[in-house]
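A quick note: this is a predicted structure, and the numbers were derived from the prediction, not measured.
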Amino acid sequence: MTWQAQPSRPPGEALGAHIVVVTIPQPGHVLPTLAVVSELVRRGHRVTYVASEEFAGPVREAGADLFLPLVGRPPVGAIPDGDLEAGVLLLARQASELVPRLLDVFARDRPDVVLHDLLAWGGQVAAHRMGVPAVQLNCSHAPYAGWETEMCGVSSLRQAAFHDAFHSLLSSNGVGAGVESFLTEPTSGVVFTVKSFQRRPETVSEAHTFVGPALGPRSFQGDWHRSCADRPLLAIAMGSSPDVSPSFVEACVEAFEPVGWEVVMAVGDRIGPDRTGPRDGSAVAKNFRLMRRIPQLSVLSQAGAFIGHGGMGSVMEAMYHGVPLVVVPRMAEQMVNARQVERLGLGRCLPPQGLTPGALREAFLDVVSDDRIAARVRRMRQEVRTAGGARAAADVVERAVRNGRPSLPSAGASCRAARGVVRGAPHGAGLPDPPLPRAH
């Protein structure tokens with residue numbers, strides 16, 4: 001896969017819109033936005049990016065003009081593993097703290113639009129307070145009928161532990177939308193998957209545009225070279241913060257040492273002084289290589305199969321490269337993705353409880369030998385590669401700037417989202433657009 005680097009703009013060159021990006025400090029939420037930033041900068045816009053300090057290098061490499069480390073990762077253990085409700089509650093409280101900081105920072109440099117992660121509600125509310133449009137950047141499924149049950153385990157958001165925190169966030173900032181409307185009905189949204197992978201797409205608001213994965217260069221992840229180029233390659237990575245248990249590593253070694261494939265496995269920062277090896281890149285078997293992290297796009301471009309946690313970014317990257325999946329989900333959103341993988345015939349899903357080497361090996365052998373899975377993965381690869389990616393996402397952003405409508409109603413105003421058929425990425429159809437505003 002070849003990426004074309006974008007040149008830096010000469011000093012003093014005229015800029016277009018001022019675009020602010022607000023996300024949460026997790027690789028799976030930052031990485032999908034980087035190619036969009038590069039595309040917006042290539043089009044002449046000025047991008048200010050709000051994230052945590054650890055992402056400064058990748059964000060600047062993408063071309064953002066200014067990086068603001070206004071958010072930080074929660075302390076280790078602050079969110080119980082797999083507890084989505086607890087994570088949402090913490091992020092809602094962080095959003096309340098972030099809004100006044102954003103208003104202060106941008107009081108003298110008002111943006112034309114705010115792009116905010118699905119979970120970065122501080123950006124969404126700050127856009128409302130500044131009276132500028134907002135675009136939701138969604139690295140998961142767009143909200144669909146029944147999502148609150150499948151993702152949070154509740155039949156109504158009023159039952160969710162985070163409901164009162166959201167109500168307080170909205171009322172204290174003069175937002176007229178209810179909690180459900182605020183969470184599920186953006187004025188404009190970009191979804192980094194394709195329509196056919198979306199759960200229950202017929203129930204999704206027309207405000208969402210499916211663009212597929214937005215991929216670009218990731219030199220900050222380093223290079224990777226195969227050690228057994230004469231064998232097919234199996235990649236194993238359990239997310240952008242892998243930290244897998246020694247028992248899972250042991251199970252994988254036992255499962256795949258005999259199969260004759262080259263195996264590379266990301267194990268995170270918990271590599272201990274046991275058979276998992278104390279050194280990054282250590283080999284625990286002749287065909288088996290452990291790494292703290294892998295440059296996933298580079299590895300997947302050479303892989304014949306992928307075992308992962310089922311995060312949307314990993315699933316879409318695998319489909320982009322036409323790689324069948326074995327998914328071992330850790331949390332509710334990943335379970336939804338894993339079931340979609342099985343439902344669409346793109347691979348297999350294995351529950352993490354009681355996982356055995358035999359079950360891992362059997363699922364792997366199934367996905368690499370089934371011609372029907374191979375054919376379905378090829379079709380999905382074609383759809384993913386033609387969905388539009390970063391260019392389609394940038395089109396959505398520019399349209400929001402031109403329209404100029406605030407993203408949320410003020411207190412006392414009504415809020416009603418358009419409902420209907422999910423649409424694909426736009427490609428210039430419709431009436432001519434007015435010119436974009438100049439930077440302030």
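Taking each heavy atom of Gly311 and Gln334 in turn, the nearest pair found is N-CG, 4.0 Å. Across all non-hydrogen atoms, the minimal contact from Ser140 to Thr193 is O-CG2, 4.2 Å. Minimum heavy-atom separation, Val37 to Ala64: CG1-N, 3.9 Å. Nearest approach of Ala237 to Ile294, heavy atoms of both residues: CB-CD1, 3.9 Å. Of all non-hydrogen atoms in Ala338 and Cys349, the two that sit nearest each other are CB-SG, 3.6 Å.
One N or O on the side chain of Arg101 and one on the backbone of Leu70 form a donor-acceptor pair closer than 3.5 Å. Using modelled atom types, no side-chain atom of Gln340 and backbone atom of Val336 make a donor-acceptor pair closer than 3.5 Å. Under a 3.5 Å cut-off, the side chain of Ser156 and the backbone N or O of Gln159 do not form any donor-acceptor pair. For the pair His128 (side chain) and Gly174 (backbone), a donor-acceptor distance under 3.5 Å is present. Of the possible polar contacts, none joining the Gln302 side chain to the Val299 backbone as a donor-acceptor pair under 3.5 Å is found. In this structure a side-chain-to-backbone donor-acceptor pair under 3.5 Å is present from Thr203 to Arg200. With hydrogens and angles ignored, the 3.5 Å screen pairs a side-chain donor or acceptor of Thr33 with a backbone N or O of Val30. A donor-acceptor distance shorter than 3.5 angstrom exists from the side chain of Thr149 to the backbone of Val154, with no hydrogens or angles considered. Looking only at distances, a side-chain donor or acceptor of Trp121 sits under 3.5 Å from a matching main-chain atom of Leu118. Side-chain atoms of Asp164 never come within 3.5 Å of backbone atoms of His167 as a donor-acceptor pair (strictly under, hydrogens ignored).
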Kindly indicate, with the supporting measurements, whether the criterion side-chain hydrogen bond (donor to acceptor under 3.5 Å, both in side chains) is fulfilled by Gln296 and Gln221.
-> CA-CA 8 Å; Gln296 191 160 289; Gln221 292 184 332; over 6 Å; no

Would you sort out whether Met291 and Met265 count as a side-chain contact (heavy atoms from CB on, under 4.5 Å), showing the intermediate values?
-> CA-CA 6 Å; Met291 302 180 68; Met265 181 177 186; over 6 Å; no

Could you walk me through whether Thr48 and His18 pass side-chain hydrogen bond (donor to acceptor under 3.5 Å, both in side chains), step by step?
-> CA-CA 8 Å; Thr48 300; His18 179 202; 2.9 Å; yes

Ser219 and Glu61: CA distance, side-chain angles, deciding distance, side-chain hydrogen bond (donor to acceptor under 3.5 Å, both in side chains) verdict | CA-CA 9 Å; Ser219 61; Glu61 182 179 302; 2.9 Å; yes

Between Met130 and Phe106, is a side-chain contact (heavy atoms from CB on, under 4.5 Å) present by the stated rule, with each step listed?
-> CA-CA 9 Å; Met130 292 184 284; Phe106 295 113; 3.9 Å; yes

Residues Arg42, Glu39; criterion salt bridge (charged side-chain N to carboxylate O under 4.0 Å, His left out); working and verdict = CA-CA 5 Å; Arg42 188 190 67 80; Glu39 176 64 17; 2.7 Å; yes

Trace of the side-chain hydrogen bond (donor to acceptor under 3.5 Å, both in side chains) decision for Glu202 with Tyr144 | CA-CA 8 Å; Glu202 71 281 358; Tyr144 55 88; over 6 Å; no

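For Arg381 and Tyr320, the positive end is not near the middle of the six-membered ring at less than 6.0 Å and at most 45° from its axis.
With respect to Asp112 and Arg46, no salt bridge is recorded, no charged nitrogen being found less than 4.0 Å from a carboxylate O. Arg199 has no carboxylate O lying under 4.0 Å from a charged side-chain N of Glu333, or vice versa, which leaves the two without a salt bridge.
Looking at Arg218 and Pro58, their side chains never come closer than 4.5 Å, going by heavy atoms from C-beta outward.
Screening Ile236, Val249, Val263 for a side chain to side chain contact (heavy atoms under 4.5 Å, CB included) with Leu290, the sole residue that qualifies is Val249. Leu115 pairs in a side chain to side chain contact (heavy atoms under 4.5 Å, CB included) with only one of the listed residues (Val135, Val20, Val50, Val396), which is Val135.
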